[in-house]
Amino acid sequence: MTDRSDSNPRSAAGVEALLPPETARACEAAGTAKAARDAASLVVLGVLAGAFIAFGALFMTVAVTGSGDLPWGVARLLAGLAFSLGLILVIAGGAELFTGDCLMIVAAASRRITVAALLRAWGLVYAGNVIGAVATAALVFLAGQHGFAGGAVGRTALSVAAAKAALPTVQLFFLAVLCNVLVCLAVWMALGARSTAGNVLVIVPPVAAFVAAGFEHSIANLYFLPYGLAIKEWAGPGFWAAIGQTAADYPALTVAGALHNVAVATVGNLIGGSLMVGAVYWFVYLRRRS
């Protein structure tokens with residue numbers, strides 16, 4: 001058996017991780033394997049990932065509720081640390097997330113998979129993500145979680161959703177591009193990590209950074225926006241009395257605003273992850289071999 005400490009300088013230095021060229025090959029192999037999965041598996045794994053990201057969003061909503069006295073940056077950092085649960089669950093649990101799967105562009109650029117296979121995988125995973133995130137939002141609403149802390153949790157959820165629905169198109173697009181640069185960097189580094197602990201260590205900082213910076217993640221928004229809409233439309237009068245507001249206080253939170261946000265964020269995420277991370281790493285490490 002080969003001693004990995006001799007073959008992997010990072011292992012010799014005490015860090016269990018692949019070197020960047022090895023990570024590029026692992027990314028290529030992972031993309032090839034994803035494209036070969038049957039449709040049902042991709043959809044179900046997508047449902048799991050949508051639910052896992054929704055759990056991270058739920059955790060974030062609870063964590064920042066009541067944090068109004070904290071400095072803005074500290075509260076955003078707290079939000080990011082809580083939200084990182086979602087991608088940790090996706091990576092450690094082996095689910096399929098559209099934003100992370102933008103790195104499948106590496107396998108396509110290396111001609112290991114066809115463009116048709118790439119688009120098929122993206123479409124099936126995205127459909128599963130939608131189902132998982134929206135279904136989780138429905139379950140959380142039915143559980144009455146928005147009424148916790150005297151309605152403060154629901155008020156936080158409404159504020160988050162309304163702010164997202166009000167974002168203008170150009171700003172939203174670039175916030176989404178930047179978001180998936182960081183998400184795909186987290187996934188890229190996780191491909192090189194050799195343990196669950198290593199995965200957690202490399203996932204948390206970039207995910208916490210994108211949330212703290214206010215960037216836009218399309219799949220997370222498939223939880224935030226439906227959950228906020230459900231509260232606005234169906235929360236009882238007792239909830240509104242508890243928070244001292246009415247549904248009219250959130251005029252930007254509409255179905256049209258939610259669909260606009262998700263559509264633009266999806267395009268921005270796709271460009272940020274596939275072109276600004278996956279294509280760049282392919283160009284550096286794999287193009288000559290291809």
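Positions are given from 1, in the same order as the sequence printed here. What you see is a predicted model, and the numbers here were worked out from it, not measured in a lab.
- Formation of a donor-acceptor pair under 3.5 Å by the Asn180 side chain with backbone atoms of Thr99 is found in this model.
- Of the possible polar contacts, one joining the Thr114 side chain to the Ala117 backbone as a donor-acceptor pair under 3.5 Å is found.
- With 3.5 Å as the limit, one finds a donor-acceptor pair spanning the side chains of Ser41 and Asp38.
- Between Arg194 and Asn199 the shortest side-chain heavy-atom distance does not fall below 4.5 Å.
- For Phe239, the CZ atom counts as densely surrounded, since its 6.0 Å shell holds more than 12 non-hydrogen atoms of other residues, nucleotides or ligands.
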- Task: Please test Ser110 against Trp282 for side-chain hydrogen bond (donor to acceptor under 3.5 Å, both in side chains), starting from the C-alpha separation and ending with a verdict.
- Result: CA-CA 8 Å; Ser110 294; Trp282 173 85; 3.0 Å; yes
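- Looking at Val262 and Phe224, their side chains never come closer than 4.5 Å, going by heavy atoms from C-beta outward.
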- Query: After noting the C-alpha distance and the side-chain angles of Tyr126 and Phe98, does the key distance pass the ring-ring contact (aromatic ring centres under 6.0 Å, His included) rule?
  - Reply: CA-CA 5 Å; Tyr126 191 90; Phe98 168 75; 5.1 Å; yes
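- Between Phe173 and Val267 there is a side-chain heavy-atom pair separated by less than 4.5 Å.
- When all heavy atoms are compared, the tightest approach of Ala137 to Pro226 is CB-CB, 4.2 Å.
- At a threshold of 4.5 Å between non-hydrogen side-chain atoms, the residues Ile53 and Phe83 count as touching.
- Two residues are said to be in side-chain contact when any heavy atoms from C-beta on lie closer than 4.5 Å; Arg25 and Leu18 fail this criterion.
- In plain terms, the two heavy atoms of Asn261 and Lys164 that are nearest each other are ND2-O, 3.0 Å.
- Nearest heavy-atom pair across Leu229 and Thr254 is CD2-C, 3.7 Å.
- Summarising the geometry, atom CG belonging to Leu42 is positioned 13.5 Å from atom CH2 belonging to Trp122; distances are rounded to the nearest 0.5 Å.
- No side-chain N or O of Thr156 forms a donor-acceptor pair with one of Thr61 less than 3.5 Å apart.
- Across all non-hydrogen atoms, the minimal contact from Met276 to Val177 is SD-CG1, 3.4 Å.
- The distance from the OG1 atom of Thr196 to the CD1 atom of Ile88 is 10.5 Å, given to the nearest 0.5 Å.
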- Phe55 and Tyr223: CA distance, side-chain angles, deciding distance, ring-ring contact (aromatic ring centres under 6.0 Å, His included) verdict: CA-CA 9 Å; Phe55 288 146; Tyr223 168 84; 8.7 Å; no
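- Among all heavy-atom pairs drawn from Ala39 and Arg120, the shortest one is N-NH2, 3.2 Å.
- Between the side chain of Gln171 and the backbone N or O of Pro168 there is no donor-acceptor pair closer than 3.5 Å.
- Ser84 and Val204 get closest at one heavy-atom pair: OG-CG2, 3.8 Å.
- Put simply, CG on Leu89 and CG on Leu48 are 10.5 Å apart, with the number rounded to the nearest 0.5 Å.
- Of the inter-residue distances, the one linking Leu270 atom CG with Cys102 atom SG reads 5.0 Å to the nearest 0.5 angstrom.
- No donor-acceptor pair closer than 3.5 Å links the side chain of Trp188 to the backbone N or O of Val277.
- Remark: Ser67 OG to Trp72 CH2 distance equals 11.5 Å, nearest 0.5 Å.
- The aromatic rings of Tyr227 and His146 stand perpendicular to each other, their planes meeting at an angle above 60°, with 30° marking the opposite boundary.
- Looking at Asn269 and Ser218, their side chains do bring a donor and an acceptor atom within 3.5 Å of each other.
- A distance-only check finds a donor-acceptor pair linking the side chain of Lys232 to the backbone of Tyr250 [under 3.5 Å].
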